[in-house]
Amino acid sequence: MSIRRLILFDVDGTLVSGGPAKGAFELAMVETFGTSGNASGVSFAGKTDPQIARELLSGAGFARDEIDRGLEDLWTRYLGHLEERLAERPMDVLPGVPDILDALEPHAHVGIGLLTGNIQRGARLKLGSARLWERFRIGSFGSDHEERDELPAIALRRAHEHWGRPLPATDAVVVGDTPRDVTCGRKGGARTLAVATGRYGTDELRATGADRVLTDLGATDDVLSWLLD
């Protein structure tokens with residue numbers, strides 16, 4: 001079945017919050033590289049997992065090739081710690097998320113996907129702990145490209161492969177909670193909906209030029225109307 005609209009959701013701060021990911025990541029960094037870098041002084045918001053790792057390790061004096069050689073082991077350790085900890089501390093679902101996903105589901109012309117800096121398996125574990133993973137048909141992830149701005153094009157290509165119809169970027173909407181979500185959506189040619197459910201307030205998000213800014217996704221009818229417009 002072909003689609004005429006693609007809605008791409010960020011994960012952390014947009015669909016879910018909390019959870020043990022940062023601690024799992026820092027532990028995996030120490031086990032793999034002997035340091036977690038300046039993790040307390042670097043914002044993770046809106047960045048891809050590989051970008052975060054590279055930024056922290058470069059700041060700790062590691063060369064690019066040293067980082068590249070250790071990334072596979074890093075992700076293996078990170079995912080192991082994440083899965084173990086999520087069993088006791090699952091992600092919290094943010095306000096309005098189940099309702100807007102339920103409201104979108106009957107619209108056969110709408111594709112629902114992910115656009116996130118998480119590596120794919122990390123996104124699956126996080127959303128699986130919140131019973132949301134199965135709601136999304138396609139996605140683009142930090143494991144696909146280190147630069148977030150490349151992810152909209154990857155999502156559109158996967159949507160074409162999955163639903164069998166090429167979709168122009170102007171028929172996609174990126175939903176996120178950080179300025180980087182808005183920037184990548186705009187650069188990718190998509191419309192953007194920013195929600196102040198992460199660390200950024202509505203004024204900061206409006207300053208990014210987002211097409212729509214909301215405090216959260218709780219007003220289901222209003223959000224649905226705008227997404228489908």
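The structure displayed is predicted, hence computed values, not measured ones.
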Looking at every heavy atom in both A169 and G188, which two are closest together, and how far apart are they?
CB-O, 3.0 Å

Non-neighbouring partners of R89 that pass salt bridge (Lys or Arg N to Asp or Glu O under 4.0 Å), sequence neighbours left out:
none

Treating Ile, Leu, Val, Met, Phe, Trp and Tyr as nodes and any side-chain heavy-atom pair under 4.5 angstrom as an edge, say whether V182 and L151 lie in one connected cluster.
no

Enclosure of D65 CG (heavy-atom neighbours >12, cutoff 6.0 Å):
yes

Can you name the residues that form a side chain to side chain donor-acceptor pair (under 3.5 Å) with R212, not counting sequence neighbours?
D222

From L228 CG over to R5 CZ, what is the distance, rounded to the nearest 0.5 angstrom?
7.0 Å

Is a side-chain N or O of T197 found less than 3.5 angstrom from the main chain of G13, in a donor-acceptor match?
yes

Within 45° of the six-membered ring axis of W226 and under 6.0 Å from that ring's centre, is NZ or CZ of R191 located there?
yes

P50 versus I119, closest heavy-atom pair with distance
CD-CG2, 4.3 Å

Note: Y78 and A24 closest approach over all heavy atoms is CD1-C, 3.9 Å

What are the two closest non-hydrogen atoms of T192 and A210, and how far apart are they?
OG1-CA, 3.3 Å

What are the two closest heavy atoms between G185 and V174, and how far apart are they?
CA-CG2, 3.8 Å

Partner residues of D102 under the side chain to side chain donor-acceptor pair (under 3.5 Å) criterion, sequence neighbours left out
R135

Hey, could you give me the CH2/CG distance between W133 and L125, rounded to the nearest 0.5 Å?
9.0 Å

Listed partners of H107 passing ring-ring contact (aromatic ring centres under 6.0 Å, His included), at least two apart:
H109

What I'd like to find out is whether the side chain of D10 reaches to under 4.5 Å of the side chain of L115, using heavy atoms alone.
no

Residues in side chain to side chain donor-acceptor pair (under 3.5 Å) with D203, at least two apart?
R206

So do the side chains of L114 and L8 get within less than 4.5 Å of each other, counting heavy atoms only?
no

Dump the intermediate steps for salt bridge (charged side-chain N to carboxylate O under 4.0 Å, His left out) on R137 and E105, then the final yes or no.
CA-CA 11 Å; R137 298 294 177 262; E105 194 69 32; 3.5 Å; yes

Reported CD1-to-CD1 distance for the pair I138 and I3, which is rounded to 0.5 angstrom
7.5 Å

Answer yes or no: does atom CD of E204 have more than 12 heavy-atom neighbours from other residues, nucleotides or ligands under 6.0 Å?
yes

Please answer whether the main-chain N or O of G96 pairs with a side-chain N or O of D99 as donor and acceptor at a distance below 3.5 Å.
no

Using the salt bridge (charged side-chain N to carboxylate O under 4.0 Å, His left out) rule, collect all pairs that involve residues 163-186, keeping only residues at least two apart or in two chains.
R148-D181

Report the distance from atom OG of S2 to atom NE2 of H162, rounding to the nearest 0.5 Å.
12.0 Å

Between E150 and R157, does at least one N-O distance fall below 4.0 Å, as a salt bridge requires?
no

Could you give all pairs that pass the ring-ring contact (aromatic ring centres under 6.0 Å, His included) test and reach residues 35-71, with sequence neighbours left out?
F25-F44, F33-F62

Min side-chain heavy-atom separation P152-C184 under 4.5 Å
yes

Pairs meeting criterion side chain to side chain donor-acceptor pair (under 3.5 Å) with involvement of residues 111-131, two or more places apart:
D12-N118, D12-K126, T116-N118, N118-K126

Look at atom CD of E88 and say whether more than 12 heavy atoms of other residues, nucleotides or ligands are closer to it than 6.0 Å.
no

Which residue pairs pass the salt bridge (charged side-chain N to carboxylate O under 4.0 Å, His left out) test when at least one of the two sits in residues 36-60, sequence neighbours left out?
K47-E55, R54-D68, R54-E146

Are the side chains of I154 and H145 in touch, meaning some heavy atoms are under 4.5 Å apart?
yes

Would a distance-only check, ignoring hydrogens and angles, find a side-chain to backbone donor-acceptor pair under 3.5 Å from T183 to P179?
yes

Heavy-atom side-chain contact between V175 and I100 under 4.5 Å:
no

Single hit among L94, L227, L224, V223 for side chain to side chain contact (heavy atoms under 4.5 Å, CB included) with L217
V223

Sub-4.5 Å side-chain heavy-atom contact between L132 and V93:
yes

Members besides Y200 in its Ile/Leu/Val/Met/Phe/Trp/Tyr cluster (side-chain heavy atoms under 4.5 Å)
L205, V213

For D73, give me all partners under side chain to side chain donor-acceptor pair (under 3.5 Å), at least two apart in sequence or on another chain.
none

Do any pairs count as a side chain to side chain donor-acceptor pair (under 3.5 Å) and have a residue in residues 19-38, sequence neighbours left out, and if so which ones?
E31-H81, T32-R77

Compare all side-chain heavy atoms of M29 with those of L57 and state whether any distance is below 4.5 angstrom.
yes

Scanning both residues in full, the closest heavy-atom pair of G113 with F136 reads O-CD2, 3.6 Å

Gap separating the OG1 atom of T170 from the CG atom of L6, nearest 0.5 angstrom:
11.5 Å

Separation between CD (E147) and OG1 (T48), nearest 0.5 Å, reads 7.0 Å

Do F9 and L15 pass the side-chain contact (heavy atoms from CB on, under 4.5 Å) test, and can you show the C-alpha distance, the side-chain angles, and the key distance before you say yes or no?
CA-CA 7 Å; F9 289 89; L15 296 172; 3.8 Å; yes

